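Right, one structure below, let's go through it.
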Amino acid sequence: MTHQTHAYHMVNPSPWPLTGALSALLLTSGMIMWFHYNSMFLLMVGLISMLLTMYQWWRDIIREGTFQGHHTPVVQKGLRYGMVLFILSEVFFFIGFFWAFYHSSLAPTHELGGCWPPTGIHPLNPLEVPLLNTSILLASGVSITWAHHSLMEGNRKQMIQALTITILLGLYFTILQAMEYYESPFTISDGIYGSTFFVATGFHGLHVIIGSTFLIVCLLRQFYFHFTSTHHFGFEAAAWYWHFVDVVWLFLYVSIYWWGS
Amino acid sequence: MYYKFSGFTQKLAGSWASAAYNPQGLKPVASSEAPPIIFATPTKFASETTSYDYAGKNKVPELQKFFQKSDGLPVHLKHGLPDQMLYRTTMALTLGGTIYCLIALYMASQPKNK
């Protein structure tokens, strides 16, 4: 290692932005080929190369941060800003779907029968599985805080237990949502109600799956002793993301499931 | 009178004895003691056993030594052959896929029955 007189991280030239960009081309073109010619070949190539890129890029970040010590306090500050801005962009992504929902539901058109839920739509009962899902996500918010405090106090065993509970709650939520989708009396093609409902809750479900994956990676890293009681930004970012997913669900529950029914 | 550092005003503020000793809350979170001095040949104490656990041994110190070697390799190839193979597979797949993709898109833009 050459001597450096500042705390910033001078990154090595990396191939992953290139392979990531080309994989995005392959994914989008692959979808066109799939829709147009019913061939999934290009889509699969794009999917595999994207997964390989993601694995290796994040593996390199763990190497740089945990093994090479490049994540100094000033670098961690940059990572914090980055994660905050990323979550903010995700907030605006969901604001778009809420906008579509309220636009359609606050002044329902004649075609819908002038009412919300539209005529002929039988919405899900918000006091059944959706309420259970709300309590599951709230409980997972508690258990992830328990995991964080255990980590800060150096209590390895409780950190692993609490994080495992959080992940299991996340998986339980996903299973219940899948069952709700399977049994729902309306579909995504049932007009504006089905469209707004399944696009908003579907993207939320995708984010729960992404958040669960992020937490599973954190659990593995905790098993491998990657986190210390004072330096564990990877876990904190996962916790922020998980809380974000939790809050989006609260808005979905109150707006679409409860008020919207 | 006891004092503690206020994170809000960034100044010393008056406080109770307990808060002055444990300003973070219920328990002192970070140790305020200086880390032990490490000499060139580290002294092994009987209490200093490697942390074993139901997940196995803590390999982070070894990995830190391994990934901090100055062998001039970039971080994505530093682990040797496994890294090389993964990197080459990814590159071959994306570059090959891109060429195939461009040909396929060109052919799709030239339909036979106009």
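This structure is a prediction, so every number in the text was calculated from the model and none was measured. Lettering of chains follows the sequences in order, A, B, ..., and the numbering in each one begins at 1.
Other residues, nucleotides and ligands place more than 12 heavy atoms under 6.0 Å from the CZ atom of A/F244. Atom CH2 of A/W34 is surrounded by 12 or fewer heavy atoms from other residues, nucleotides or ligands within 6.0 Å. Other residues, nucleotides and ligands contribute more than 12 heavy atoms inside 6.0 Å of the CE atom of A/M10. Around the CZ atom of A/F93, the shell of radius 6.0 Å holds more than 12 heavy atoms that belong to other residues, nucleotides or ligands. Under a cut-off of 6.0 angstrom, the local environment of NE2 in A/H6 is crowded, with over 12 non-hydrogen atoms contributed by other residues, nucleotides or ligands.
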Note to self: Could you go through A/L18 and B/M91, starting from their C-alpha distance and side-chain angles, then the distance that decides it, and tell me whether this counts as side chain to side chain contact (heavy atoms under 4.5 Å, CB included)?
What the structure shows: CA-CA 9 Å; A/L18 178 72; B/M91 267 302 189; 4.0 Å; yes
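Heavy-atom pairs under 4.5 Å with chain A peak, among B/P74, B/P61, B/G72, at B/P74. Per-residue heavy-atom pair counts under 4.5 Å with chain B were compared for A/L22, A/I48, A/D60, and the maximum is reached by A/D60. For the set A/E64, A/H226, A/R59, A/M50, the entry with the most heavy-atom pairs within less than 4.5 Å of chain B is A/R59. By number of non-hydrogen pairs under 4.5 angstrom with chain B, the leading residue of A/L26, A/I32, A/V11, A/L25 is A/L26.
Distance OG1/B/T90 to CH2/A/W57: 13.0 Å, rounded to 0.5 Å. Summarising the geometry, atom CG belonging to B/L63 is positioned 11.0 Å from atom OH belonging to A/Y224; distances are rounded to the nearest 0.5 Å.
With hydrogens and angles ignored, the 3.5 Å screen pairs a side-chain donor or acceptor of A/R63 with a backbone N or O of B/V75.
The two residues A/S49 and B/T94 make their nearest non-hydrogen contact at CB-CG2, 3.4 Å. Closest approach of A/T66 and B/Q64 over heavy atoms only: O-NE2, 2.9 Å. Here the shortest heavy-atom pairing between A/F225 and B/N58 reads CB-OD1, 3.2 Å. Nearest heavy atom pair, residue B/Q68 against residue A/G69, reads NE2-N, 4.5 Å.
Within residues 95-102 of chain B, the residues having any heavy atom under 4.5 Å from a heavy atom of chain A are, by residue number, B/L95, B/G97, B/T98, B/Y100, B/C101.
Among residues two or more places apart in sequence or in another chain, the salt bridge (charged side-chain N to carboxylate O under 4.0 Å, His left out) test is passed with A/E90 by none.
Relative ring orientation between A/W16 and B/H76 is described as perpendicular, the plane-to-plane angle rising above 60° on a 0-90° scale split at 30° and 60°.
Neither the backbone nor the side chain of B/F66 has a heavy atom closer than 4.5 Å to any heavy atom of chain A.
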